[in-house]
Student: 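Sharing a structure below in structure tokens format, with a few things to ask.
Given the structure is predicted, the values throughout are model-derived calculations rather than measurements. Values reported hereafter were calculated over all heavy atoms of this structure, with side chains retained and with hydrogens, waters and symmetry mates removed. Chain A is the first sequence line, chain B the second, and so forth, proteins listed ahead of strands; every chain is numbered from 1.
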Number of protein chains: 2
Amino acid sequence: MDNLFLRKVERQVRLPEAARAALGDLARQQIRHVAARQDLVGHDTGPHHAHLILDGWACRYRQFPDGRRAIVALLLPGDLCDPYRVHRIRADHAVGALTALTVARLAPEALDEAARAHPAIEACFRREMLAALALQREWTAGVGRRSAIERLAHLFCELHLRLAAVGLVADATFPMPVTQPDLADALGQTSVHINRTLRELRAAGLIELRGRRLTIRDLPGLKALALFDPAYLYWA
Amino acid sequence: MDNLFLRKVERQVRLPEAARAALGDLARQQIRHVAARQDLVGHDTGPHHAHLILDGWACRYRQFPDGRRAIVALLLPGDLCDPYRVHRIRADHAVGALTALTVARLAPEALDEAARAHPAIEACFRREMLAALALQREWTAGVGRRSAIERLAHLFCELHLRLAAVGLVADATFPMPVTQPDLADALGQTSVHINRTLRELRAAGLIELRGRRLTIRDLPGLKALALFDPAYLYWA
DNA sequence: GTTCCGCGCCAACCCATGTTAGCTTGGCGG
DNA sequence: CCGCCAAGCTAACATGGGTTGGCGCGGAAC
């Protein structure tokens, strides 16, 4: 199980050997397996560990008291979740596994120390934060101003690039293990409408989605429909 | 013109005298005035300065090629905008003045140095980032899953707390210089519907909005309607 | 002082998306 | 091998919020 975070990072900057080794060590400390639909971090968890996603998909979500749920971010293999310590009594959101998950649990002290010892690692963490922020802004803009079909198309373009950055795309095909109800919560719609919209995308010859795998049939078309501009993707 | 960022910060942690002085110096370097509706940072600006908002309101927004606009964040007095350097050719969004604005322009090198010299300042910057991220998540969740009236109510609750943290609230009344078209772009709606919804909130006796000032008539009622949970506000 | 334009405000109409309800399929536990 | 349940899929109907268009006001430019 190779370290996808490293692979993503080194698409941008070559790390010093010592930093690379330190990051590798970190990721090998404490491997945890989480079943699909389990929480990695609960709404009421206090200060907690950071996590590196090694395999599987997770999401950050917020559950409202009346049952509504909003998924505010998707976490893919190679994503580093909360590199900086959060000193809060109560988290503002939870992190849940969408599929079976393999993660490295990272002690905050170990991260701090690695960042202090290797400026390159500190830079990585910072970049990961800035990337998460830019991504979050794009999601806010999208839910606010994109139509249903544009949102879905945009998400697929985004996933395509993010997964390609960690080598999980082959032949314009990649895993898409997110169920329609989950997509609905991520895009601010209902599962019924997600289904309608998927049908439209398929009928337009833009995508093919079967058995948890997505194939993009017409990438330029999909990007045009989504008004996709990759400027916000830091690692891709 | 006192430094509102300092005031906000020191509600949480007492800074060492040297750090406080350094932050004060930073803010006094290069004061800039910007007219309402002008961009502080454009969509196509490359790496740029950081800004400390001293007076007035600004917003981060994204303009789509077809004219649609999404406001993804409001920047209030005391907010620190982009403390960490962004090494990108093209920004993913712009920052614009909603009202006449007074800002301190901060050179990235000066910030880096202050952060290196004073761990307390580094901690402040990091906290500002984490706060921005949490805020952005809440906005994403809101646009995705809250109804029109809930969104508006929620925004007012948020502004109430954020402005209170810098001492700009008196008698449950605070400045609200955002026009209805701007509110629409921030909440993912149209100005017509914002108008309808404002009327509803007024009719329900929850708020009063006159002459760019908002008075909250029934805070508990407003919070209940908005499903407001302040867990995501780091400074307030 | 006049002109103009952006904003607040409102009503009528309409459509994109939500709601409800049901059927089908496939994977999993027993 | 059976039963169960979550997810995919669809149709019929309902509605929140978008669209269009129009009025009046007040502040800024001249």
Student: NA contact type, B:Gly188, heavy-atom cut-off 4.0 Å: base, sugar-phosphate, or nothing?
Tutor: sugar-phosphate
Student: Rounded to the nearest Å, what distance is computed from the CG atom of residue A:Leu209 to the C1' atom of nucleotide D:dC9?
Tutor: 13 Å
Student: Within the structure provided, determine whether B:Thr215 and B:Arg210 are in side-chain contact (heavy-atom separation under 4.5 Å).
Tutor: no
Student: Give one of base, sugar-phosphate or nothing for A:Thr190, where a contact means two heavy atoms less than 4.0 Å apart.
Tutor: base
Student: May I ask you to say what A:Arg199 touches in the nucleic acid, namely base, sugar-phosphate or nothing, with a heavy-atom cut-off under 4.0 Å?
Tutor: sugar-phosphate
Student: Give the rounded distance in Å between these two atoms: CG of A:Asp182 and P of D:dA6.
Tutor: 13 Å
Student: Report yes if a side-chain nitrogen or oxygen of A:Asn195 is closer than 4.0 Å to either non-bridging phosphate oxygen (OP1 or OP2) of D:dG8; otherwise report no.
Tutor: no
Student: Hey, what's the ring geometry for B:His48 with B:His51, parallel, tilted or perpendicular (30° and 60° as the breaks)?
Tutor: parallel
Student: Going by modelled atom types, is there a donor-acceptor pair between the base of C:dG18 and the side chain of A:Arg196 at under 3.5 Å?
Tutor: yes
Student: Are side-chain heavy atoms of A:Ser191 and A:Leu183 found at a separation under 4.5 Å?
Tutor: no
Student: Roughly how many Å is it from CZ in A:Arg68 to C1' in C:dG18, rounded to a whole number?
Tutor: 13 Å
Student: In whole angstrom, give the distance that lies between atom NE2 of A:His193 and atom C1' of D:dA11.
Tutor: 15 Å
Student: Rounded off to whole Å, could you give me the CD-to-P distance for the B:Gln180 and D:dG18 pair?
Tutor: 14 Å
Student: If you find the nucleotide of DNA chain D closest to A:Ser191 and the one closest to B:Ile149, which residue's nucleotide is nearer the 5' end?
Tutor: A:Ser191
Student: Just call it for B:Ser147: base, sugar-phosphate, or nothing, with non-hydrogen atoms closer than 4.0 Å on any strand.
Tutor: sugar-phosphate
Student: Looking at A:Asp92 and A:His43, what are the two nearest heavy atoms and their distance?
Tutor: O-CD2, 4.4 Å
Student: OP1 or OP2 of D:dC9 less than 4.0 angstrom from a side-chain nitrogen or oxygen of A:Arg202, does that happen here?
Tutor: yes
Student: Rounded to the Å, how far apart are B:Leu198 CG and C:dC9 C1'?
Tutor: 11 Å
Student: Which of these nucleotides, C:dG8, C:dC10, D:dA11, is closest to any side-chain atom of A:Val192?
Tutor: D:dA11
Student: Provide, to the nearest angstrom, the distance between the CZ atom belonging to A:Arg210 and the C1' atom belonging to D:dC9.
Tutor: 16 Å
Student: In whole Å, what is the span from the CZ atom of B:Arg145 to the P atom of C:dG18?
Tutor: 7 Å
Student: Is the NZ or CZ atom of A:Arg88 positioned over B:Tyr234's six-membered ring, under 6.0 angstrom from the centre and within 45° of the axis?
Tutor: yes
Student: Side chain of A:Pro181 only, heavy atoms from C-beta on: which candidate in D:dG8, C:dC7, C:dT19 is closest?
Tutor: D:dG8
Student: Any base atoms under 4.0 Å from B:Arg212, or only sugar-phosphate, or nothing? Heavy atoms, all strands.
Tutor: sugar-phosphate
